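Computed from a predicted model, the values in this text were never measured in an experiment.
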Amino acid sequence: MRCRKCGGKAVINMRQHRLSLCKQHYLEWLPTQILKFINKYRMFSEHDRILVAVSGGKDSLALWDILWKLGFHTEGLYINLGIDAEIAYSNHSMKFAQEFADQRSLTLHIADIKKDHGESIPEISIRTRRGRDKPCSLCGLIKRHVMNRFALDGQYNVLVTAHNLDDEAAILLANTLDWSLEFLARGEPVLPSKPGFIKKVKPFYRTYEREAAAYAILQGIEYMRDECPFSKDSKQLYYKKYLNEWEETRPGTKLRFYLNYLKAISQGAFPARQEPAEQLAKQRCPQCGQPTNTGSLCAFCKLFDKT
């Protein structure tokens, strides 16, 4: 297997792109692709203050490294969820994120759920009906709330997450099987800002998980390799398993699935429900001030309401 660019020994073969590259050319190729996607969707510019959500894993650290090398003004946010189990998962992940930032003189902010709210994710999941037997649902709710609030309070222009193509295809498959129209209407790589919500973007939306992993390894990035202890029964991993089997047989399946979905959205297949700005401004949680349609406390604040 030879590099398409120089004829040297290739280290990665991307059958979906019909492209093999050596280490040097791959480390040049992926940032170029990401910049192209950023510009195509006008995700952000060199003038924006960018908050990168980092987990200590390969995807978020690879993406932060690429954005840093491309010259964007970035800061990171790590959310310590207090997931311990046998591997001290949260603290180990935070260590990788902090070391990455320190090595590059980048700023990493830490939001600690237990310190800030008195309980960790495992403790909340035991106490609440919403979290019982499905802490992943709690995790998503809490992270979305904390990221949005931190980005708004810090006056950032945009929040960046490292959801890759495998993530997007798995979520899309799950929502399609359930015909979850509300979620199908907002699966694009850019969610514009609106009252109470920061602009959110996913520069890795066309990047395969193995491509992000290859970048991290070839770049020498140390990252958390263990999976979250709660993810073993994750629906997303279940759907990823089958998507991987289809991809092996028909390279490019994930990319076609997601890009054709984006095409369908552009043609009006899943119209999003738009709430007027005045309505979003009025429907605010009395405790945290973030938008909510519950009529009282938002779902996040209800988790900690002991009354």
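A salt bridge links R15 with E248: the distance from a Lys NZ or Arg NE/NH1/NH2 to an Asp or Glu carboxylate oxygen falls below 4.0 Å.
Residues that satisfy the salt bridge (charged side-chain N to carboxylate O under 4.0 Å, His left out) test with K114, not counting sequence neighbours, are E123. Listed by chain and residue number, H117, H145, F304 satisfy the ring pair (Phe, Tyr, Trp, His ring centres under 6.0 Å) test with F300 (two or more places apart in sequence, or in another chain). Judged as a ring pair (Phe, Tyr, Trp, His ring centres under 6.0 Å), and not counting sequence neighbours, the contacts of F37 are Y205. Every residue two or more places apart in sequence or in another chain that forms a ring pair (Phe, Tyr, Trp, His ring centres under 6.0 Å) with Y26 is listed here: W29. In terms of the salt bridge (charged side-chain N to carboxylate O under 4.0 Å, His left out) criterion, residue partners of D167 (sequence neighbours excluded) are, by chain and number, K240. Under the ring pair (Phe, Tyr, Trp, His ring centres under 6.0 Å) criterion, H92 pairs with no residue at all, not counting sequence neighbours. N244 pairs by the side chain to side chain donor-acceptor pair (under 3.5 Å) definition with K254, not counting sequence neighbours. With sequence neighbours excluded, no residue forms a salt bridge (charged side-chain N to carboxylate O under 4.0 Å, His left out) with K115. Shown here are the salt bridge (charged side-chain N to carboxylate O under 4.0 Å, His left out) partners of R225, two or more places apart in sequence or in another chain: there are none.
Remark: the backbone N or O of I198 is paired with a side-chain donor or acceptor of N148 at under 3.5 angstrom. Looking at S55, its side chain does come within 3.5 Å of a backbone N or O of G57 through a donor-acceptor pair. Judged by distance alone, the side chain of R186 and the main-chain N or O of L191 form no donor-acceptor pair under 3.5 Å.
Judged as a salt bridge (charged side-chain N to carboxylate O under 4.0 Å, His left out), the pairs with a partner in residues 197-207 (not counting sequence neighbours) are, in order, E168-K202. For residues 160-189, no pair satisfies ring-ring contact (aromatic ring centres under 6.0 Å, His included), with sequence neighbours left out.
Between M43 atom CE and D48 atom CG the span is 13.0 Å, to the nearest 0.5 Å.
Hydrophobic cluster membership is shared by L165 and L19, with clusters built from Ile, Leu, Val, Met, Phe, Trp and Tyr side chains linked at under 4.5 angstrom. Residue F150 is not grouped with residue V158 when hydrophobic side chains (ILVMFWY) are merged at heavy-atom distances under 4.5 angstrom, including chains of intermediate members. No single ILVMFWY cluster, assembled from side-chain heavy atoms under 4.5 Å apart, contains both M94 and I79. Taking hydrophobic clusters as Ile, Leu, Val, Met, Phe, Trp and Tyr residues chained together by side-chain heavy-atom distances below 4.5 Å, F96 shares a cluster with L81. Connection of I38 to L259 is established within a shared hydrophobic cluster, with ILVMFWY side chains joined at heavy-atom distances below 4.5 Å, either directly or through further cluster members.
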For residues 64-75, tabulate all N or O donor-acceptor pairs below 3.5 Å that involve a side-chain atom, not counting sequence neighbours.
| residue | atom | partner | partner atom | Å |
| --- | --- | --- | --- | --- |
| W64 | NE1 | T74 | OG1 | 2.9 |
| D65 | OD1 | K69 | NZ | 3.1 |
| D65 | OD1 | R104 | NE | 2.9 |
| D65 | OD1 | R104 | NH2 | 3.3 |
| D65 | OD2 | K69 | NZ | 2.8 |
| D65 | OD2 | Y215 | OH | 2.7 |
| E75 | OE1 | H109 | NE2 | 2.7 |
| E75 | OE1 | Y156 | OH | 2.5 |

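With 3.5 Å as the limit, one finds a donor-acceptor pair spanning the side chains of Q16 and E211. In the model, T207 has no side-chain atom that pairs as donor or acceptor with a side-chain atom of N164 under 3.5 Å.
Note: Y238 and Y242 have perpendicular aromatic rings, judged against thresholds of 30 and 60 degrees for the angle between ring planes.
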Derivation of the side-chain contact (heavy atoms from CB on, under 4.5 Å) call for L138 and L303:
CA-CA 9 Å; L138 276 181; L303 291 176; 3.5 Å; yes
